[in-house]
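Per chain, numbering begins at 1; letters A, B, ... match sequence-line order.
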There are 2 protein chains.
Amino acid sequence: MKPKIQDVAKAAGVSPTTVSRVLNNRGYISQSTKDKVYHAMEMINYIPNDLARSLYNQKTNLIGVIVPSTSNPFYGELVAEIEHACNTKGYKVLLCNSLHEADKEQEYWDMLQRNQVDGVIVVTYNRGVVPKNHSAPAVAIDHYISSHMHVVSSDNYKGGEAATQELLTQGCQKPIHINGPLTLDTPANLRRQAYEDVMRKNHKEPMTYEIPDVAYLNINMETIKRIFQDHPDVDGIFASDDLLAIKVMQYATSLGYSIPNDLKVVGYDGTDLIQTIYPELTTIVQPIAALAETALTVLEKQMQHENQPEKENVLPIQVKEGHTT
Amino acid sequence: MKPKIQDVAKAAGVSPTTVSRVLNNRGYISQSTKDKVYHAMEMINYIPNDLARSLYNQKTNLIGVIVPSTSNPFYGELVAEIEHACNTKGYKVLLCNSLHEADKEQEYWDMLQRNQVDGVIVVTYNRGVVPKNHSAPAVAIDHYISSHMHVVSSDNYKGGEAATQELLTQGCQKPIHINGPLTLDTPANLRRQAYEDVMRKNHKEPMTYEIPDVAYLNINMETIKRIFQDHPDVDGIFASDDLLAIKVMQYATSLGYSIPNDLKVVGYDGTDLIQTIYPELTTIVQPIAALAETALTVLEKQMQHENQPEKENVLPIQVKEGHTT
DNA sequence: TTTTTTATGTCAACCGGTTGACATATCATG
DNA sequence: CATGATATGTCAACCGGTTGACATAAAAAA
């Protein structure tokens with residue numbers, strides 16, 4: 001059997017209460033007793049049972065993280081940053097990949113509640129999927145999950161503006177925007193709004209296409225093909241994420257377009273991975289580490305029941321000029 | 001306060017024991033009582049406390065997963081597959097990113113033990129970093145962590161053979177191999193062994209380079225530059241992972257090499273992501289989903305104290321012919 | 001010397017749920 | 001009607017650690 005506090009007490013020749021006092025640094029303890037206790041713990045290989053501690057303390061230091069899938073580099077990096085931020089502050093991460101499925105997401109919420117997580121960071125789509133009694137503090141990254149949930153996002157409007165402006169500045173006459181499903185209520189929709197606003201401001205008609213499915217790594221090429229069929233004279237494309245931008249470029253190149261001469265492309269997200277293997281891509285860089293840290297900070301405030309006036313937390317984006325514009 | 005079993009009992013007009021019996025499907029319970037209890041749980045929004053359950057049952061259904069970082073697409077996809085496999089079987093994933101740091105890894109091991117995980121899946125480097133009393137069942141993917149730990153890996157020798165053979169078949173006279181740090185004791189070293197064996201079998205002198213640091217997303221270009229300085233006539237490169245292969249190709253192209261005419265390149269891993277955005281890359285595809293599933297299966301057997309004769313579990317790889325060879 | 005402060009022990013209750021032992025009552029079956 | 005299967009209740013112990021109340025004794029300060 002695993003050694004317990006009783007065993008440590010016996011080995012150290014003290015009472016269980018004293019061992020607990022040493023472990024939690026409470027009350028008066030002499031240095032010699034501390035040494036004895038720590039030594040005994042080493043000797044018998046004692047490992048505190050956090051389950052029992054958490055049960056009594058009503059605090060698990062567990063943070064639930066729900067993302068579509070760590071397969072996608074954006075979420076992979078975001079999860080890595082979240083985990084890092086959590087680890088720094090002593091929290092542990094329970095990982096959930098919702099795979100864009102609403103029922104899975106619901107199940108994960110329930111699971112997290114059963115496991116008494118102290119908080120949830122959710123980066124996912126399905127609005128309305130909130131635990132019946134959303135007792136645990138929660139914060140969303142880049143998605144409006146429910147009206148009362150705090151949101152951390154990057155400045156999607158500015159990002160959309162910058163991307164569109166970049167295309168226009170580089171001389172595009174007919175920049176087209178491609179985005180994900182608009183049924184999702186996400187701040188990312190502001191990118192499209194910004195695109196449309198900038199286009200109109202420049203007396204151009206906005207043209208947008210929508211990728212119907214959210215199947216990240218297997219992007220449906222139909223929409224991309226349709227763009228080039230409908231508009232063979234397209235000279236600029238603002239894609240709502242880098243993977244999409246790359247797919248567009250691949251297809252355009254196969255059709256004989258030269259980038260950036262015939263066609264300019266701007267992506268979105270700017271993950272380290274894509275910047276490493278596709279450094280030529282012009283893209284809007286989201287502050288992934290800052291998103292993670294801010295989300296955790298906001299969550300911590302909630303956990304400590306501090307009131308937070310701002311429901312939304314918007315972080316600045318960066319434009320990374322590559323060679324595709 | 002959160003409702004507990006007592007509250008459900010009161011609301012349903014039964015005893016706490018009966019509620020527990022309903023929850024755990026033990027003993028005799030009438031359908032009407034079941035209904036009453038479930039209804040009461042709905043009414044008062046009861047959520048079972050898995051902490052308390054786990055404490056008594058001595059089983060948490062938690063699996064610790066230690067990887068270098070989900071930022072890397074290979075680990076990102078592997079973690080996604082592991083999490084999926086776990087979820088299917090009712091396990092929950094505690095995620096740990098070791099960032100290749102031995103002390104972090106040690107800390108994570110301790111943390112997982114404190115949290116009473118039922119098992120650990122470890123995909124990481126630092127041999128020797130094993131919990132003093134490695135009480136929890138554990139299985140390693142693609143790394144020899146300690147002599148008594150079970151290992152699941154893909155057929156690295158065959159992969160190395162296939163990659164080298166591919167280059168030779170395509171007419172390379174001087175294929176060079178680049179691998180990660182050899183100080184790490186990983187089955188991946190078999191790739192290099194296979195490369196050397198195949199080269200010798202073909203009466204060629206093996207030439208290998210080693211990337212000293214394991215800094216995934218910021219590959220040290222020095223080694224790559226040196227290769228082209230030392231061997232301007234290189235006509236084939238077998239890189240030990242896809243990211244490295246891509247970096248090599250970028251640098252070679254910048255020097256004026258044409259791929260695959262002047263230089264042929266084979267990568268390794270074949271993640272969905274790289275295959276999506278770099279479909280032209282010839283690479284050796286690791287069976288990521290199978291690695292995850294097998295690791296969990298092996299782990300489960302350990303958790304159920306079934307004896308397993310084979311310490312190593314080797315899964316087949318696939319060659320994906322692209323246009324870089 | 002008296003009073004604090006420091007140091008440690010004993011004991012029981014608690015966190016929330018599980019389980020075995022035992023009692024009791026209803027119902028169906030032989 | 002006797003018997004066994006079904007259904008539910010009561011109670012206490014347990015999982016492993018925490019904590020407050022209270023007692024006691026030695027060391028330090030007044």
**Asked** Looking only at side-chain N and O atoms, does Arg26(B) come under 4.0 Å of OP1 or OP2 in dT18(C)?
**Response** no

**Asked** Whole-Å distance between dG16(D) C1' and Ile5(A) CD1?
**Response** 8 Å

**Request:** Please report, rounded to the nearest Å, how far the P atom of dG17(C) is from the CD atom of Gln116(B).
**Result:** 19 Å

**Asked** Roughly how many Å is it from NZ in Lys34(B) to P in dA7(D), rounded to a whole number?
**Response** 9 Å

**Request:** Rounded to the nearest angstrom, tell me the gap between atom CD in Gln6(B) and atom P in dC11(D).
**Result:** 12 Å

**Check: Thr17(A) side chain, dC11(C) base, donor-acceptor under 3.5 Å** = yes

**Prompt:** Is there a side-chain contact between Ile121(B) and Ile141(B), using heavy atoms and a 4.5 Å cut-off?
**Reply:** yes

**Request:** Provide, to the nearest angstrom, the distance between the CG atom belonging to Leu55(B) and the P atom belonging to dT18(D).
**Result:** 12 Å

**Message:** I need the CZ-P distance between Arg53(A) and dT18(D), as an integer number of Å.
**Reply:** 4 Å

**Message:** What's the separation between atom CG in Asp110(A) and atom CG in Asn115(A), rounded to the nearest 0.5 Å?
**Reply:** 11.0 Å

**Side chain proximity check, Arg114(A) to Asn49(B), heavy atoms < 4.5 angstrom** = no

**Message:** Assess whether a salt bridge exists between Lys92(A) and Asp50(A), defined as any Lys/Arg side-chain N lying under 4.0 Å from an Asp/Glu carboxylate O.
**Reply:** yes

**Message:** By nearest heavy atom, map Ile29(B) and Pro48(A) onto DNA chain D; which one lands nearer the 5' end?
**Reply:** Ile29(B)

**Message:** Under 4.0 Å, counting only non-hydrogen atoms across every strand here, what does Ser15(B) touch: a base, just sugar-phosphate, or nothing?
**Reply:** base

**Message:** Please tell me if Ser20(A) has a side-chain N or O lying less than 4.0 Å from either OP1 or OP2 of dT18(D).
**Reply:** yes

**Prompt:** Under 4.0 Å: is that the gap between some side-chain N or O of Tyr46(B) and OP1 or OP2 of dG17(C)?
**Reply:** yes

**Message:** Using a heavy-atom cut-off of 4.0 Å across all strands, would you classify Val14(A) as base, sugar-phosphate, or nothing?
**Reply:** sugar-phosphate

**Prompt:** So, is Gln58(B) close to the dG16(D) phosphate, meaning a side-chain N or O under 4.0 Å from OP1 or OP2?
**Reply:** yes

**Prompt:** Between Asn24(B) and dT18(C), does any side-chain N or O lie under 4.0 Å from OP1 or OP2?
**Reply:** yes

**Asked** Where the side chain of Tyr28(B) is defined as all heavy atoms beyond and including C-beta, which of dG16(D), dT6(D), dT5(C) is the nearest nucleotide?
**Response** dT6(D)

**Prompt:** How many angstroms lie between atom OH of Tyr91(A) and atom CG of Asn61(A), to the nearest 0.5 angstrom?
**Reply:** 6.5 Å

**Message:** Can you measure Lys2(B) atom NZ to dC15(C) atom P for me and round it to whole angstrom units?
**Reply:** 14 Å

**Request:** Return yes if the base of dG9(D) and the side-chain atoms of Arg21(B) contain a donor-acceptor N/O pair under 3.5 Å, otherwise no.
**Result:** yes

**Asked** dC14(D) P sits how many Å from Tyr56(B) OH, rounded?
**Response** 10 Å

